[in-house]
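Below is one structure, written out as structure tokens; the observations come after it.
Both counts, for ligands and for their atoms, begin at 1 and track the order of listing. Here the structure is a predicted model, which is why all the values come from computation and not from measurement.
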Amino acid sequence: MSTAHLQKLDTGYYMGLLCGTSADAVHGAIACFAGHTTELVGSLHLPLEEPLRQSMYALGEAAALRAYARLDASLGDLFASTALQLLRCSGLQHDDIVAIGSLGYTAWHRPRPTPPFSLQIADPNRIAWRTGITTVADFRRMDQAAGGEGAPITPAYHVWQFRKPGLHRAVLNLGGIANLTLLPGTEQTSVIGLDTGPANVLLDTWIRHSRGLPMDENGDWAAGGHPIPALLERLLQDEYFDAAAPKSTGPERFNMDWLQQRLIPGDAADVQATLVQLTVETVGRALQQYAPDCQELLLCGGGVHNAAVVQALSQRIGKTRLVSTAHYGVDPDYVEAVACAWLARRRLLEHGCDPGTLATAATPGAVLGAVYHRPQQGSTVSASD
Ligand SMILES: Nc1ncnc2c1ncn2[C@@H]1O[C@H](COP(=O)(O)OP(=O)(O)O)[C@@H](O)[C@H]1O
Ligand SMILES: [Mg+2]
């Protein structure tokens, strides 16, 4: 690699794209990275139409192969459209972007028993072809091949961006599933990353089922309810919560069936309030178990907009300071998208997983992601999408 090329890979712009388990939107961000600082130069989210969302939720272990294949293609096109829109808004050109890092949409994730597998859709071939930008995707499966969980995949970025010597920190991403990265203030202690359990996925599911709404705006409905202690206790009995880290999960486990099997008669708003407590309690327990000295909890993901969750969390974690990642320069709605951009850069620089900073337990040295090269020059790629 020439020095100039290496310099471009190191300091150039990258785009990150993903659709999380909430399937609310495709999130995109353009960023560049220097030292241990992220410069976010553009961001955008493209909300998903309800029928598309429904067909994504309907994917399951027994779904027809055709349903996966069709969504793989149509989400690939949607990711490409999001990328092109974001490019236009940013004022940058195709050639300014070194690569896109796409996490796709995780259609099915099962880290155990053997063999582990994880299926990401949103065809990266279509993203590369339609945007004219080299695309890096399939980050989870090399991690699994190397003995890791394949999720959460963002802790390595959290380490790079948010770790601060001398300060015990943690990063909590409140997505469909809540994931926590524990960043000890001492270099010698290794970083732990885990999915603590359900967050928005059950909150969205329950309000959709009870009131036909896509989300509990600001957490107002939950705030008007009262948690049901007996229900909370039943929910907490799931063995996932007692399992040791590293661990990962998804809507394959925490879904409407799971909730309905454990429900006891009660007011629907009280159930919503109980689900808020479930999220908060499982995060609180993980913090107590793995980082009892945590001084600062950095918050990101769509759940930061749910005041009921944030308020309950701040009560639960006591003296740990609760701050938005915005406080440290990264918009909480785009931390994951930025992490995807960072993972693409890491892949092209051929940086492997660092020993001791590997949250998902993969073998140090594993280089995550597969590269889908942009079309050769002279092919017809249009930005007028
Ligand atoms: N204004 C809001 N009020 C309450 N909840 C919100 C708000 N905005 C977003 N959310 C929640 O955040 C979710 C999306 O979060 P996100 O981080 O994108 O999760 P994922 O990565 O799983 O897609 C929504 O489905 C919703 O539950
Ligand atoms: Mg989302």
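Between Tyr157 and Phe33, the two ring planes are perpendicular [angle over 60°; tilted spans 30° to 60°]. Using bins of under 30°, 30° to 60° and over 60° for the plane-to-plane angle, the ring pair His45/Tyr334 lands in the tilted bin. Aromatic ring pairs are classed by plane angle as parallel below 30°, tilted from 30° to 60° and perpendicular above 60°; the pair Trp258 and Phe241 is perpendicular.
Distance check, rounded to the nearest 0.5 Å: CZ of Arg126 to OG of Ser74 gives 8.5 Å.
A distance-only check finds a donor-acceptor pair linking the side chain of Arg234 to the backbone of Arg262 [under 3.5 Å]. In this structure, Thr82 contributes its side chain and His27 its backbone to no donor-acceptor pair below 3.5 Å.
Counted by atom type alone, Asn125 and Asp123 present one or more donor-acceptor pairs between their side chains at under 3.5 Å.
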Identify all N/O pairs between ligand 1 and the protein with a separation under 3.5 Å and present them as a table of atom names and distances.
| residue | atom | partner | partner atom | Å |
| --- | --- | --- | --- | --- |
| ligand 1 | 1 (N) | Glu217 | OE2 | 2.8 |
| ligand 1 | 3 (N) | Asn218 | N | 2.8 |
| ligand 1 | 3 (N) | His305 | O | 3.3 |
| ligand 1 | 10 (N) | Gly302 | O | 3.3 |
| ligand 1 | 12 (O) | Asn200 | ND2 | 3.3 |
| ligand 1 | 15 (O) | Gly302 | N | 3.4 |
| ligand 1 | 17 (O) | Gly302 | N | 2.8 |
| ligand 1 | 18 (O) | Asp24 | OD1 | 3.4 |
| ligand 1 | 18 (O) | Asp24 | OD2 | 3.4 |
| ligand 1 | 19 (O) | Ser22 | OG | 3.1 |
| ligand 1 | 22 (O) | Thr21 | N | 3.1 |
| ligand 1 | 22 (O) | Thr21 | OG1 | 3.2 |
| ligand 1 | 22 (O) | Ser22 | N | 2.9 |
| ligand 1 | 22 (O) | Ser22 | OG | 2.8 |
| ligand 1 | 22 (O) | Gly176 | N | 2.7 |
| ligand 1 | 23 (O) | Ser22 | N | 3.4 |
| ligand 1 | 23 (O) | Asp24 | OD1 | 3.0 |
| ligand 1 | 25 (O) | Asp204 | OD2 | 2.6 |
| ligand 1 | 27 (O) | Asp204 | OD1 | 2.6 |
| ligand 1 | 27 (O) | Asp204 | OD2 | 3.2 |

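Neighbours of the Mg ion (ligand 2) restricted to protein N, O or S atoms under 2.8 Å: the count is 1.
Using a 4.0 Å cut-off between charged side-chain N and carboxylate O, Asp10 and Arg345 make a salt bridge.
Other residues, nucleotides and ligands contribute more than 12 heavy atoms inside 6.0 Å of the CD atom of Gln260.
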